[in-house]
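Right, one structure below, let's go through it.
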2 protein chains.
Amino acid sequence: MKIPDSNIVRCSECPIRHRAVCARCDDDELGILEGMKSYRTFAAGDPILWRGEELVYVASVVSGVATLSKTMEDGRTQMVGLLLPSDFIGRPGRQEIDFDVTATTDVTLCCFSRRPFEKLVDETPHVAQRLMELALDELDAARDWMLLLGRKTAREKVATFLEMLARRSRNPDADGTQHEMTLPMTRDQISNYLGLTLETVSRQLNALKNDKIIAFIDRRNFEVLNLAALHDATGDDNDGGMIS
Amino acid sequence: MKIPDSNIVRCSECPIRHRAVCARCDDDELGILEGMKSYRTFAAGDPILWRGEELVYVASVVSGVATLSKTMEDGRTQMVGLLLPSDFIGRPGRQEIDFDVTATTDVTLCCFSRRPFEKLVDETPHVAQRLMELALDELDAARDWMLLLGRKTAREKVATFLEMLARRSRNPDADGTQHEMTLPMTRDQISNYLGLTLETVSRQLNALKNDKIIAFIDRRNFEVLNLAALHDATGDDNDGGMIS
DNA sequence: CGCCGGTTTGACATACTTCAAGAGAAGTGG
DNA sequence: CCACTTCTCTTGAAGTATGTCAAACCGGCG
């Protein structure tokens, strides 16, 4: 279901220009990238890369949401990453990846052939530097997620997930109420993200509703009624790590 | 309990020369690092860095094992990384880290002041490139661990941990038996690594013993009697990701 | 209208935790 | 060398959060 996309945007006008792998590039370097890139779009639900598939392209997410997931032989699956605009797919120096990449919403990628890109990484310090920063950021996120997977209760997991969504789409009212937000995935996908079953996710979501912490508009849309209570339910520190 | 260590090894003779952050450096670049570095040693159990502490140094692990861990307000803790020789501590461009670093065995670090090191990363492409590779490797390991934390059973977790140790200290006999190996941590630390309680770890270790998959020499030393059965118990694929 | 995927809800099962006691090893000081 | 403490580990019994299985619900769509 790959749809080659013809309306290539100029890098200088690219929405992820300042955050993606090209963020530190100067105009000359950008010119080189401009000549290498091609866009690809995927519809919601489409697979982008299969585990073990040869990695022909590496890419930046331009728009949409994609997920990384690992699946065991008996079908148990665990999401191990969420790719948002400006996040990078693939790694220079490796021929394949050992997880699946799937489009959760419609996704547009800015693709580079792997081989020429690897050459570029070797020759263009600004790209390697930025790639390092992106990898370290992902590592931080992965470590937070490990704490969640290993030690948090079901309620804390769900609350953490909702709080993350709330932080992402910053639009709080003066009173701390957060207006209409959308769950970007099904209950099943959320459960794979949180290391739970879909039934438990459903129950915890309704428990938070009954506690007046969130309210549902419909099954996919909700609002946060009490951001402080939501935060309390996450089990996270209040202060973000200040020494007390 | 920091003990400045005087016997500085020449970089060219350093045991981690070919794997650490300096792996890609040429002789000139190595000379610069040589002038910046200093060694520090920590005794088993010592804290190396506290969460939120100002990051004065970044460092490579020269010898020993250190762990990264996160702790919640109520004391639940989860290890989020294992640092072995050649692994890197700290990140350029950030003033603090949000996890604790602790020496599990006696540890020697090769330290660089953060500020000058950051400057070096900007100016020395080989360092940024290597740092990127190290970060991507750690990311791969973190993702495997997320699958374990989110989806594996207690038995699978313990088996996976033992198999990892076995793979690390490669010394199998012809028949696949693996001779004396050492658990580098207490049951409590293992449980924090695996997202379990120490009791569950103890029970699963004894279950593997009763199944004749491992045998204990004493509480800290064991041998793998049946590597194939151990692998089966991990729940992982047999083939490492080939397309079938 | 009737199907269909996603979701909710209930009843039940169970893997893991929690709590508690005790056994082994290892160190310490007399 | 022997108490004595301390720490780690084992083992048992009981509790509980979450998973499993199953049925029903709901909104959308052909």
Side-chain angles (χ1 to χ4, degrees), chain A residues 43-46 72 74-78 102 104-105 148-162 182-211 214-222 233-235, chain B residues 43-45 72 74-78 102 104-105 147-162 182-211 214-222 233-235:
Chain A
D46 283 353
M72 295 173 69
D74 62 3
R76 282 175 282 176
T77 98
Q78 175 65 52
T102 312
T104 315
T105 64
L148 175 145
L149 291 172
R151 293 303 187 194
K152 288 194 176 180
T153 65
R155 166 176 257 247
E156 288 169 341
K157 287 179 175 182
V158 171
T160 304
F161 178 68
L162 296 183
T182 304
L183 292 171
M185 334 172 182
T186 66
R187 303 289 186 269
D188 187 51
Q189 291 176 108
I190 295 170
S191 71
N192 286 334
Y193 198 41
L194 298 175
L196 296 170
T197 58
L198 78 174
E199 293 95 329
T200 301
V201 170
S202 178
R203 281 187 246 268
Q204 293 301 334
L205 245 18
N206 286 313
L208 290 171
K209 182 191 74 184
N210 293 335
D211 292 348
I214 61 172
F216 280 100
I217 292 147
D218 58 33
R219 287 215 172 70
R220 275 316 250 297
N221 295 286
F222 67 99
T234 64
Chain B
M72 294 172 67
D74 61 4
R76 283 175 282 175
T77 98
Q78 175 65 52
T102 312
T104 315
T105 63
L147 174 64
L148 176 143
L149 290 172
R151 294 302 187 194
K152 287 193 176 179
T153 64
R155 166 175 257 250
E156 288 169 340
K157 287 179 175 182
V158 171
T160 303
F161 178 68
L162 295 183
T182 303
L183 291 171
M185 335 172 184
T186 65
R187 305 287 186 270
D188 188 50
Q189 291 175 110
I190 295 171
S191 71
N192 287 334
Y193 198 40
L194 299 175
L196 296 170
T197 59
L198 80 176
E199 293 95 330
T200 301
V201 170
S202 177
R203 281 187 247 267
Q204 295 300 333
L205 284 172
N206 287 313
L208 291 171
K209 182 192 72 182
N210 293 334
D211 292 348
I214 61 173
F216 280 100
I217 293 149
D218 60 30
R219 286 214 175 75
R220 277 315 250 298
N221 295 286
F222 67 100
T234 64

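Letters go in sequence order (proteins before strands), and every chain restarts at 1.
In this structure, A:Arg220 contributes its side chain and A:Leu183 its backbone to a donor-acceptor pair below 3.5 Å. Under the 3.5 Å distance criterion, the side-chain polar atoms of B:Arg151 are left unmatched by any main-chain donor or acceptor of A:Gln78. A donor-acceptor pair is defined here as one N or O able to donate and one able to accept, closer than 3.5 Å; such a pair exists between the side chain of A:Lys157 and the backbone of A:Leu194. The closest donor-acceptor contact from the side chain of A:Asn206 to the backbone of A:Leu208 lies at 3.5 Å or more, if one exists at all. Although no hydrogens or angles enter the test, the distance criterion places a donor-acceptor pair under 3.5 Å between the side chain of A:Lys152 and the main chain of A:Thr234. Panel note: side chain A:Asp46, backbone A:Ala43; a donor-acceptor pair is recorded below 3.5 Å.
Map A:Arg203 and A:Arg219 each onto its nearest nucleotide of DNA chain C; the residue landing nearer the 5' end is A:Arg219. Residue-to-nucleotide proximity on DNA chain D shows that, of B:Thr186 and A:Arg155, the 5′-proximal contact is made by B:Thr186.
When all heavy atoms of A:Gln189 and A:Thr104 are compared, the closest pair comes out as OE1-CG2, 3.8 Å. Heavy-atom minimum distance, B:Gly195 versus B:Leu149: N-CD2, 4.0 Å.
Note: B:Arg155 CZ to B:Leu205 CG = 11.0 Å, rounded to the nearest 0.5 Å. Atoms CG and CD, from A:Leu148 and A:Glu156 in turn, are 8.5 Å apart once rounded to the nearest 0.5 Å.
The distance from atom CG of B:Asp74 to atom P of C:dT18 is 10 Å, rounded to the nearest whole Å. In this structure, the CZ atom of A:Arg220 is 11 Å from the P atom of C:dT8, given to the nearest Å. Atom pair B:Arg151:CZ and C:dA15:C1' shows a separation of 15 Å (rounding to whole Å applied). What separates CD of A:Gln204 from P of C:dT7 is a distance of 16 Å, to the nearest Å. One interatomic measurement links the two molecules: CD of A:Glu199 to C1' of C:dA11, which rounds to 13 Å at whole-angstrom precision. C:dT7 atom P lies 10 Å from atom CG of A:Leu205, rounded to whole Å. One can place CZ of B:Phe216 at 14 Å from C1' of C:dG24, the figure rounded to the nearest angstrom.
In summary, B:Asp74 and B:Arg76 engage in a salt bridge, as defined by a charged side-chain N under 4.0 Å from a carboxylate O.
Here B:Asn206 lies in heavy-atom contact (under 4.0 Å) with sugar-phosphate atoms only. Contacts of B:Thr200 with the nucleic acid, taken as non-hydrogen atoms under 4.0 Å apart, include base atoms.
Side-chain atoms of A:Glu199 and A:Arg187, non-hydrogen and from C-beta on, never get closer than 4.5 Å to each other.
Contact check of residues 189-197 of chain A against DNA chain D (heavy atom, cut-off under 4.0 Å) returns A:Gly195, A:Leu196, A:Thr197.
In this structure, the helix from C:dC1-D:dG30 to C:dG30-D:dC1 shows an angle of 30° between the axis at its start and the axis at its end, each fitted on 5 base pairs and rounded to 10°.
Look at A:Arg187 and you won't find any side-chain N or O under 4.0 angstrom from OP1 or OP2 of C:dG6.
Protein chain B touches strand DNA chain D; the 5'-most and 3'-most nucleotides with an atom under 4.0 angstrom of its non-hydrogen atoms are D:dC9 to D:dA13.
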